[in-house]
Amino acid sequence: MSNQQYSFFESVEKSFDKAAKFTKWDKGLLEQIKACNSIYSMKFPVKMDDGRIEVIEAYRIQHSQHKTPCKGGIRFSLAVNQDEVMALASLMTYKCAIVNVPFGGAKGGIKISPREHSAYELEKITRRYTAELVKKNFIGPGIDVPAPDYGTGEREMSWIVDTYQSLKPGEIDAAGCVTGKPISQGGVNGRREATGLGVFFGIREVCNIPELMKKTGLTPGVVGKSVVVQGLGNVGFYTAKFFRQGGAKIIAIAEYEGAIYNAAGLNEEEVFAHRKATGSILNFPGATNITNSGDALELECDILIPAALENVINGTNAGKVKAKIIGEAANGPLTPEADEIFAAKGILVVPDMYLNAGGVTVSYFEWLKNLSHVRYGRMEKRFTENMNTHILGQIENLTGKKVAESERNSIMHGADEIDLVHSGLEETMISSTREIVEIWHSNPEIPDMRTAAYVCAINKVAISYVELGIFP
Ligand code: GLU
């Protein structure tokens, strides 16, 4: 895939060290923040549909328990290994700290290719993995709360919550043992699109900051910007959707079998339907094929969104990237070598550990919903609507004028769960963008936005350790 010098975990450590220099914390404390606290590496047998026994390799790694529960997704991929899960767990700690989600970081991985297993096999693997986590006390609403990641989604989360509940009968908060569940199983409206929507909110805010736009040479705002998206999984699909709806043009979409390009703009829904029907993204009507998928990363565009896997932009191809802004929707798509190249070229890299934090932010809302046992908006929606109707009536009486019907509906509307979740996510992404940019601009020595984001994360985790009384 790449010729990077460092493993993924080493890359995270390298970025951490680069930022730690801009903080005032004791060396021992920094070492503790960086270390992965608990590593559970497991192997278990699963009987496949053809009767064969396969030994499955899997992990759950808790990077930090400075706040509990720990939080982070579970990925299904053949590339899963301990180093990768350690890196991803670390990123979760920093991500949660930046967006003020009160969790420690964790991550899980099962080394399988989901495409090569039947749904029944995947169910057996997921349920057995969950049982292993329960046995070792590595899952629970107050311990460690998994979520979807690459190769997993609502279906897998449903199997996890069901297995957990059957092993822990009567545990009243059991639904909070995992997030990203279907609504019927305790999920929250808005979780499915959360990461993509968060990426959009984050980049939109970056595009609204005049100093940053001056650096990139772009005009402010997302309207009319050309965007290339790598990956049409959950994150890439929704990122493309919100950018298109926000007035940007998705000029190319890349998947592992190839990429497609259309300067006039692509519609992600149509591309998704085409891929489902034909088995490939290629030969999409009106678009040009790019047979070598990686070439799409080097297209002329304003914004490049890698939304697939780590290390896709590295020392080899970074020099050829022509985008002005790179929004890291995936975890770790750039290597440290790529970072250096982009910093030198003035390309703005908006870092993963806050840009893709929309998923975990809405997971936090889901977990809170599970602990409170009540849907968002249930208590106040009608009250707000009645009050708004009353206020509107008074205004109309006093002015003698009538408000237009279309306006009336939006003024009277009381918040549903989805409205509150989107609003909470928008607030989170806007305020964390501003916080990171403020740190970046407060010290001219801080070379890039990733380093500023790490400084922000390190400070928050360090304060929490100090306040726990562990470090002086
Ligand atoms: N897997 C997602 C991430 O990398 C979401 C994690 C979560 O919701 O806990 O951020």
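Read the numbers this way: they start at 1 and go in the same order the structure lists the ligands and their atoms. Everything numeric here is computed off the predicted structure, so don't read it as measured data.
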Colleague: Before you tell me yes or no, could you show the steps for Lys14 and Asp339 under salt bridge (charged side-chain N to carboxylate O under 4.0 Å, His left out), namely the whole-Å CA-CA distance, both residues' side-chain angles and the distance that decides it to 0.1 Å?
Modeller: CA-CA 11 Å; Lys14 204 172 146 60; Asp339 262 348; over 6 Å; no
Colleague: Between Met86 and Gln82, is any pair of side-chain heavy atoms under 4.5 Å apart?
Modeller: yes
Colleague: Please list all pairs passing the ring pair (Phe, Tyr, Trp, His ring centres under 6.0 Å) test where one or both residues lie in residues 166-207, with sequence neighbours left out.
Modeller: Phe200-Phe243
Colleague: Please name all residues satisfying side-chain contact (heavy atoms from CB on, under 4.5 Å) with Glu438, sequence neighbours left out, ordered by chain then number.
Modeller: none
Colleague: Kindly write out the residues that satisfy salt bridge (Lys or Arg N to Asp or Glu O under 4.0 Å) with Asp302, not counting sequence neighbours, or none if the list is empty.
Modeller: none
Colleague: Using a 3.5 Å cut-off on N/O to N/O, what pairs does ligand 1 make with the protein? A line per pair would be great.
Modeller:
from	atom 1	to	atom 2	distance (Å)
ligand 1	1 (N)	Pro148	O	2.8
ligand 1	1 (N)	Asp149	OD1	2.7
ligand 1	4 (O)	Lys95	NZ	3.1
ligand 1	4 (O)	Lys107	NZ	2.9
ligand 1	4 (O)	Asp149	OD1	3.4
ligand 1	4 (O)	Asn331	ND2	3.2
ligand 1	8 (O)	Arg191	NH2	3.0
ligand 1	8 (O)	Ser363	OG	2.6
ligand 1	9 (O)	Lys71	NZ	2.8
ligand 1	10 (O)	Lys95	NZ	2.7

Colleague: Is Glu257 reaching over with its side chain to a backbone N or O of Ile281, donor-acceptor style, under 3.5 angstrom?
Modeller: yes
